[in-house]
Amino acid sequence: MGFVLLMIGGILDNPPDILLFLGRFHPVVVHLPIGFLIMAILIQMAARWPKYKPLAIYTPIAWFMGAVSAVVAVIFGYFLSLSGDYDEDTLFYHQWAGIAVMFLSFGCYYINKKWNNSLSVPKWILVFLIGFLLMFTGHLGGNLTHGSTYLLQYAPNPVRNMAGLPSKMEPRKKVAVLDSADVFLDLVLPMMQSKCVSCHNEGKKKGGLMLTSYETMMLGGESDNTIVPGDALKSELVRRITLPMEHDDFMPSEGKLPLTDQEVVLIKWWIKMGAPSSGFVTQLDTEKSLSSLVSNYLGLDKNNLFNNKIPPPDRAVVDSLINRGFVINPLMKDNYFLDANYSLSEYTLKASDIDVLLGLKEHLVWLNLGNSKVKDGYLEKIGLLHNLVKLDLKGNEITDAGLKSLSQLENLESLNLYGTKVSKGILELVPKLTRLKTIYLWQTQVTKTDIIQLKKENPGLTIIYERE
Ligand code: HEC
């Protein structure tokens with residue numbers, strides 16, 4: 001049976017889908033012979049003890065089930081191999097070792113049935129040979145699916161060295177400051193490692209492409225333009241990662257976790273810069289157009305404001321603000337950062353209230369002035385509250401004229417402008433707020449076109465925007 005199918009293999013250059021479909025069941029089906037055959041071996045051994053002697057009547061049936069399920073596994077395995085996705089050498093040994101297991105198991109069944117207790121030595125040789133081949137086949141099967149480096153990837157170095165593998169590479173230290181970030185080692189390579197190498201490695205070179213190192217990446221794959229240094233748009237790799245996700249050529253295929261927008265921007269930029277094998281981001285990015293994106297991507301923009309210890313606030317200032325209608329709350333237990341909220345006040349906010357706020361310049365990190373009749377003129381002073389991380393200005397009659405004053409808020413991560421009169425001015429403001437992560441622009445005069453531009457220029461930013 002196996003042979004007949006093997007012969008078809010030569011004939012079938014384009015295997016029909018149904019065979020490929022069945023082939024995908026091989027990894028499941030293959031557990032049946034493994035289970036039955038291990039059971040057969042164990043029964044065979046146990047039955048040598050007088051206590052377990054009665055088990056001996058089950059040996060032939062265990063071998064028979066093992067052998068028959070091996071036939072099914074071999075057939076499905078053969079279908080799977082038709083996809084041509086596997087390393088040929090490993091496949092050759094895996095296939096023939098599997099076929100050998102199948103025939104030897106039938107042999108073992110036959111021996112057990114015919115000669116029960118005689119023929120002892122050859123029988124035991126056969127049993128152990130099957131046991132060994134079973135492990136060998138399974139191991140090669142694992143290599144085929146996961147790549148030959150999979151099993152020992154995390155093994156201790158002595159074990160790796162014994163197997164002829166080099167010692168593990170020291171993992172690259174996490175970048176602590178933007179200046180030390182390397183374009184390939186800290187950006188491109190880790191992306192490939194987490195999202196692409198499972199299919200593009202030594203063992204499984206899909207599309208002829210290996211994405212495990214700089215050299216192999218640049219060798220490219222089946223197309224001769226996998227990566228065209230200096231020209232992102234001509235690079236097949238860029239085409240693949242920017243296609244619509246449902247396109248057949250989209251990478252990563254098979255619904256694997258895709259690259260994020262940020263990652264796509266970074267890869268395109270790397271190729272545009274000539275796809276160098278290394279180089280500091282800050283030196284390549286002379287216009288500093290990407291520094292905030294890269295810091296955000298590498299998690300370097302975590303606000304370290306909160307590591308500063310600040311003195312307790314002036315009690316008189318806090319009391320005065322409370323009397324003026326503010327709700328003031330401490331933000332954390334062991335520090336004096338404060339949250340000030342005016343949005344629930346029944347008074348009307350006055351310019352003098354803002355002057356008092358400035359007395360807590362170091363302490364205020366959250367400020368909610370939602371629906372408080374804030375005027376453009378007030379923003380000039382609010383812009384001086386340089387420790388603000390979150391600023392809520394929703395529902396106020398403020399415009400682009402006022403926005404300008406906010407550009408000094410270097411710690412700002414969240415800015416709520418919902419229901420204000422701001423418009424194009426945000427396009428100028430946002431790039432200056434380097435830590436900004438979220439901006440609310442719903443029901444403002446910002447147009448859809450502005451939003452598209454904002455998104456394009458600030459891929460790391462979350463924009464909350466919707467229009468009836
Ligand atoms: C689930 C497996 C899988 C993953 C994960 C995967 N690929 Fe692929 N890739 C394939 C297969 C299969 C092919 C060959 C078939 C084809 O051309 O579409 C291929 C082909 C390619 C090619 C074409 C090679 C050439 O030079 O013509 C490129 C480029 C590529 N992949 C890039 C990537 C990138 C980048 C990632 C990570 C974002 C990735 N792949 C992740 C399976 C995968």
Side-chain angles (χ1 to χ4, degrees), residues 12-17 19-28 79-88 90-91 141-150 153 183-277 293-294 297-298 459-460:
L12 292 178
D13 266 344
N14 275 320
D17 275 2
L19 295 191
L20 295 177
F21 168 65
L22 291 175
R24 298 261 161 127
F25 285 91
H26 173 71
V28 175
F79 292 162
L80 184 59
S81 73
L82 293 178
S83 66
D85 289 340
Y86 297 95
D87 178 62
E88 279 178 25
T90 318
L91 182 61
N143 282 359
L144 283 171
T145 6
H146 300 295
S148 59
T149 50
Y150 182 75
Q153 184 176 4
V183 65
F184 187 75
L185 297 174
D186 295 313
L187 298 178
V188 179
L189 193 60
M191 277 177 220
M192 296 296 127
Q193 281 166 343
S194 68
K195 298 191 169 158
C196 316
V197 298
S198 59
C199 297
H200 294 284
N201 56 53
E202 293 111 88
K204 222 201 241 169
K205 248 165 128 177
K206 302 267 172 144
L209 180 62
M210 228 162 105
L211 294 173
T212 43
S213 69
Y214 181 75
E215 288 72 26
T216 57
M217 271 180 90
M218 300 316 283
L219 279 179
E222 276 157 15
S223 60
D224 49 14
N225 58 335
T226 310
I227 292 173
V228 184
D231 197 339
L233 296 183
K234 284 217 180 78
S235 302
E236 175 69 7
L237 191 141
V238 171
R239 187 183 75 88
R240 299 278 190 142
I241 59 178
T242 50
L243 285 167
M245 264 171 78
E246 54 286 348
H247 194 288
D248 268 354
D249 288 349
F250 180 76
M251 287 293 139
S253 62
E254 296 179 24
K256 293 272 157 61
L257 188 69
L259 297 173
T260 62
D261 291 351
Q262 279 184 330
E263 288 173 328
V264 171
V265 170
L266 291 172
I267 292 207
K268 278 180 159 165
W269 177 72
W270 168 67
I271 295 181
K272 207 175 105 199
M273 299 315 285
S277 62
L293 174 70
V294 174
Y297 180 69
L298 294 173

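Order of listing sets the numbers, starting from 1, for every ligand and every atom in it. Every value quoted in this text rests on a predicted model; they were computed, and no experiment measured them. In this chain, numbering begins with 1 at the start of the sequence shown.
Listed by first and then second residue, the side-chain hydrogen bond (donor to acceptor under 3.5 Å, both in side chains) pairs involving residues 237-253 are Glu236-Arg239, Glu236-Arg240, Arg239-Asp249 (not counting sequence neighbours). Contacts classified as ring pair (Phe, Tyr, Trp, His ring centres under 6.0 Å) and involving residues 201-220 (residues at least two apart or in different chains) are given here: Phe184-Tyr214.
If you take CG on Leu187 and CD on Glu263, they are separated by 9.5 Å, rounding to the nearest 0.5 Å. With values rounded to the nearest 0.5 angstrom, Ile271 atom CD1 is found 9.0 Å from Asp231 atom CG.
With sequence neighbours excluded, no residue forms a side-chain contact (heavy atoms from CB on, under 4.5 Å) with Leu219.
Distance alone, capped at 3.5 Å, places no donor-acceptor pair between the Asp261 side chain and the Pro459 backbone.
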Report each N/O pair between ligand 1 and the protein that falls under 3.5 Å, naming both atoms.
residue	atom	partner	partner atom	Å
ligand 1	7 (N)	His200	NE2	2.8
ligand 1	9 (N)	His200	NE2	3.0
ligand 1	17 (O)	Arg240	NH1	3.2
ligand 1	17 (O)	Arg240	NH2	2.8
ligand 1	18 (O)	Arg240	NH1	2.8
ligand 1	26 (O)	Gly221	N	3.3
ligand 1	26 (O)	Glu222	N	3.4
ligand 1	26 (O)	Ser223	N	3.3
ligand 1	26 (O)	Ser223	OG	2.8
ligand 1	26 (O)	Thr226	OG1	2.6
ligand 1	27 (O)	Ser223	N	3.0
ligand 1	27 (O)	Ser223	OG	2.9
ligand 1	31 (N)	His200	NE2	2.9
ligand 1	40 (N)	His200	NE2	2.8

